[in-house]
Amino acid sequence: MLVTVFSDASWCPKTRAGGWGAWAKSERVQWGVQFSGAFRRMANGSNEAEIMAAACALASTLRSEVAAMGDTILFEIDNEHALRLVTHDAPTGRLPRTDLEKEAIEVLLTLKSRHELIFKTRHVKGHSGRERRDRFGVNELCDRLARKHMLEARQRAYDQRLIENGSPSLRPRRKRKK
């Protein structure tokens, strides 16, 4: 059975906090199912966050039973580097660059072999301004979910820094009205 999985990540370069959002659909559910959360570990870049989001999305899709043993998983992601990592189809010869990317790929490959899955990918043009009815709308939903969790994780990082240092050095500056 074909299972479509959209995933997206949101990442803050200042705090390295990140969040992910996903939406999955198969014939097992009448409507798509949403998943989201904050990353437990700090990401070092947006590419790293995107592949971590794909791993979280697949794990959540399998846990929710939207996907099952032997399914074909169609990943729809707006980050080309993450797409190439998911399928190990890197025309430029790129391999995972960081330890977190390697760990995320390991999770994906473990789930793939354990559940006998087939992976396919499709690029979604993010932030293209298309109508909400198509794939862009689902990608925007995932983006909003990811951003929400990233903002919460970033606030926790600011609060932790304030507790540790007594200084809100990471807190963004507010613009003064003229």
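Scope of the values below: all heavy atoms of this structure, side chains included, with no hydrogens, waters or symmetry mates. For reference, positions follow the sequence shown, starting with 1.
Annotation for E48 and M42: closest pair OE1-O, 4.4 Å, computed over non-hydrogen atoms. Of all the heavy atoms in G21 and L145, the pair that sits closest is CA-CB, 3.9 Å. The nearest pair of heavy atoms linking A49 to W11 is CB-CB, 4.1 Å. Nearest heavy atom pair, residue D8 against residue A53, reads O-CB, 3.6 Å. Pairing each heavy atom of A57 with each of V5, the nearest pair is CB-CG1, 3.8 Å. Between W23 and C142, the closest heavy-atom pair is N-SG, 3.7 Å.
No donor-acceptor pair under 3.5 Å is formed between the side chain of K25 and the backbone N or O of F6.
Separating the CZ atom in R84 from the NE2 atom in H81 is a distance of 7.0 Å, to the nearest 0.5 Å. Residue S7 holds its OG atom at 9.0 Å from CH2 of W20, rounded to the nearest 0.5 Å. How far CE of M150 is from CD of E152: 10.5 Å, rounded to the nearest 0.5 Å.
Side-chain heavy-atom separations under 4.5 angstrom define the hydrophobic clusters, and M69 shares its cluster with no other residue.
Residues satisfying the side-chain contact (heavy atoms from CB on, under 4.5 Å) test with R41, not counting sequence neighbours, are L100, E103. In this structure, the side-chain contact (heavy atoms from CB on, under 4.5 Å) partners of L74, at least two apart in sequence or on a different chain, are L2, T4, E76, K120, R122. Take R16 and apply the side chain to side chain donor-acceptor pair (under 3.5 Å) test, not counting sequence neighbours, and it matches N44.
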What side-chain donor-acceptor pairs closer than 3.5 Å can you find for residues 104-118, not counting sequence neighbours?
unit_1, atom_1, unit_2, atom_2, d
T110, OG1, E106, O, 2.8
S113, OG, L109, O, 3.3
S113, OG, T110, O, 3.2

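Using a 4.5 Å cut-off on side-chain heavy atoms (C-beta onward), N47 and N79 make contact. At least one side-chain heavy atom of E50 sits less than 4.5 Å from a side-chain heavy atom of D78. When side chains are defined from C-beta on, F119 counts as touching L58, because their heavy atoms get closer than 4.5 Å. Taking 4.5 Å as the limit, some side-chain heavy atom of L85 sits within range of a side-chain heavy atom of E101.
S36 pairs with exactly one of R147, H149, R144 by the side-chain hydrogen bond (donor to acceptor under 3.5 Å, both in side chains) rule, that one being H149.
Within the structure, side-chain hydrogen bond (donor to acceptor under 3.5 Å, both in side chains) contacts touching residues 52-72 (residues at least two apart or in different chains) are R28-D71, S60-R63.
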Go through the steps to decide whether I51 and V86 satisfy the test side chain to side chain contact (heavy atoms under 4.5 Å, CB included), and finish with yes or no.
-> CA-CA 8 Å; I51 194 64; V86 167; 3.6 Å; yes
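When hydrophobic clusters are built by joining Ile, Leu, Val, Met, Phe, Trp and Tyr residues whose side-chain heavy atoms come closer than 4.5 Å, directly or via intermediates, M1 is not grouped with V33. The hydrophobic cluster containing F39 does not contain L151, counting ILVMFWY residues as joined when their side-chain heavy atoms lie under 4.5 angstrom apart, directly or transitively. Taken together through direct or relayed side-chain contacts under 4.5 Å among Ile, Leu, Val, Met, Phe, Trp and Tyr, M52 and F35 form part of one hydrophobic cluster.
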